[in-house]
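Notes for the one structure printed next.
Computed from heavy atoms alone, side chains included, the values below leave out hydrogens, waters and symmetry copies.
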There are 2 protein chains.
Amino acid sequence: MIDHRSVMRTVLPRRGRLPLSNMNASPALVRTGLGDQIRQVLIDGITSGRWAPGERIVERRIAAELGVSQAPVREALRHLEALRLIETLPNRGARVRDFTDEDLAEVFPVRAGLEETAADLAVQRLEGRVEALEVHITRLAAATDPDEEMRHSIAFHREIVEASGNRLLRSVWQSLGIEVWTALSLRRRGTELCGKAVEHTDITEAFRRRDLGVGRMVHDHVMSYAP
Amino acid sequence: MIDHRSVMRTVLPRRGRLPLSNMNASPALVRTGLGDQIRQVLIDGITSGRWAPGERIVERRIAAELGVSQAPVREALRHLEALRLIETLPNRGARVRDFTDEDLAEVFPVRAGLEETAADLAVQRLEGRVEALEVHITRLAAATDPDEEMRHSIAFHREIVEASGNRLLRSVWQSLGIEVWTALSLRRRGTELCGKAVEHTDITEAFRRRDLGVGRMVHDHVMSYAP
DNA sequence: CGATTATCTATGATCGATCATAGATCAGTG
DNA sequence: CACTGATCTATGATCGATCATAGATAATCG
């Protein structure tokens, strides 16, 4: 019998197991359920290449490896499916998706369409107040490693989406899982996307002067990331 | 308070053989799992107003009413959350979302952005072959009741998205659950969206002559649905 | 009495076990 | 030997029960 009463089970249960993910700084002391933790483990495993494309993902095996039951693993797998990291067939389980270059490229037109819309909405609401955007430019400039660069660059784009004030738009954009896919793109080809940072400044200036062409600017900027 | 207990039971199993809700016509004889059936029951219940906005959705109660266990109900609820039909808080359950007019309006800019992108991609691939689009115009013209009208109108838009050839775009657009939200909009205000059908013809003509401005046309057309 | 703390209750989250299906393996038949 | 069908196996889907948390209720204290 396992000790379920242990207060604040920060990590997956059962006899010393798994790395303690979120014990450190965090504004709200996020207590996350097993499903969320498992999801992160699986995302890391797939993006890092620990599981090969096409490899079968067996619910019970993952559950046993992590010392949990099948249920939260299933829950996590559904999230991975929504992120399109795995493919599932009814009654036949899931396997790691084999991302083609085309798969990786498809995200850019979608982002472009969503972010153009977001920018057109945001320029109205921001009324020239671009401080929040500038923060991410500064941080991006100060970034040291490529992974940090990526996160700050994405944060800039997320800020535009947030500024649109359209919660559905935010939700849809978030659900694209840009971080994950960008990480996969970077792994696929060499590390780039560096030079595009200057365009963030141009875009921010356009927001500052309330340039109604900013939507198109963002659209073209996003598409310029595409291979 | 409305009587929930009497409702369904037409399909969900238990001991006996599952009554095969869809044993008849259907190209591929889709056998759907409990989760899918439950999802549909819940969607119908919410869109029809059987469950009031803000009303609590208790997993075990639904499970008992349908004669199934908690697991497939949970699975269905997660889909409803993705459709934004319910709101969920960790460890505190789900309740029917109270859709504001703003909620209903938010979908149009998102659709406009996605469908503009889709149209710009589709016009390249279609090369003037607009037969698939015309089918939906014809069907819409032949539609009798408003519900059928809605479905054919949406089918036209879906066709554009399909024609883009971008599977991610299709997936994202589908996940918006346009049918459900449109049904809610129609329920909220009176039945309209009728006059807009002619614009479908204009758009189709633009596709036929490979007019590169078709993206903007579709964008404006979608936004014209917004209240 | 009002505030604080210790139950109690409802219910989401998780568990371990079972059912059902898709494939694989084996057996029989012409 | 190819083919059909029975049997076995792996595993997803579902179940019933238990654990853990949030909110309600009762008990305690100043």
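For the pair A/L34 CG and C/dG16 P, the computed distance is 11 Å after rounding to whole Å. Separating the CG atom of A/L80 from the P atom of D/dG12 is a distance of 14 Å, rounded to the nearest angstrom. Per the geometry, CD1 belonging to A/I38 stands 13 Å off P belonging to C/dA13, to the nearest Å. Rounding to whole angstrom units, CG of residue A/D36 and C1' of C/dT14 are separated by 14 Å. Atom CD in B/E59 sits about 15 Å away from atom P in D/dT14, given to the nearest Å. Put simply, CZ on A/R95 is 17 Å from P on D/dA10, counting in whole angstrom units. Across the protein-nucleic acid pair, B/L66 atom CG and D/dG16 atom P stand 13 Å apart, rounded to whole Å. We find that CZ of B/R78 is positioned 14 Å from P of D/dT14, with the value rounded to whole Å.
Taking the ring centroids of B/H157 and B/H200, they lie under the 6.0 Å cut-off.
Checked options A/R97, A/R95, A/E81; the residue passing with A/T88 is A/E81 (criterion: side chain to side chain donor-acceptor pair (under 3.5 Å)).
For B/E75 and A/R74, the salt-bridge test passes: some basic side-chain N is under 4.0 Å from an acidic carboxylate O. Using a cutoff of 4.0 Å between basic side-chain nitrogens and carboxylate oxygens, B/R129 and B/E127 are scored as salt-bridged.
Comparing B/E75 and B/R60 against DNA chain D, the residue whose closest nucleotide sits nearer the 5' end is B/E75.
For A/P72, the listed nucleotide lying nearest its side chain is C/dC15; candidates were C/dC15, C/dA13, D/dT11. Proximity note for A/R92 (side chain, C-beta onward) versus C/dC15, C/dG23, C/dA13: the nearest is C/dG23. Distances were taken from every side-chain heavy atom of B/Q70 (C-beta onward) to each of D/dG12, C/dC15, C/dT14; the shortest belongs to C/dT14.
Looking at every heavy atom in both residues, B/N166 comes nearest to A/E106 through ND2-O, 3.0 Å.
Distances shorter than 4.0 Å separate none of the side-chain N or O atoms of A/R74 from OP1 or OP2 on D/dC15. Contact check, B/R56 against C/dG12: a side-chain N or O comes under 4.0 Å of OP1 or OP2.
A/R61 comes within 4.0 angstrom of nothing in the nucleic acid, heavy atoms only. Backbone-only contact: B/I57 has heavy atoms under 4.0 Å from sugar-phosphate atoms and none from a base.
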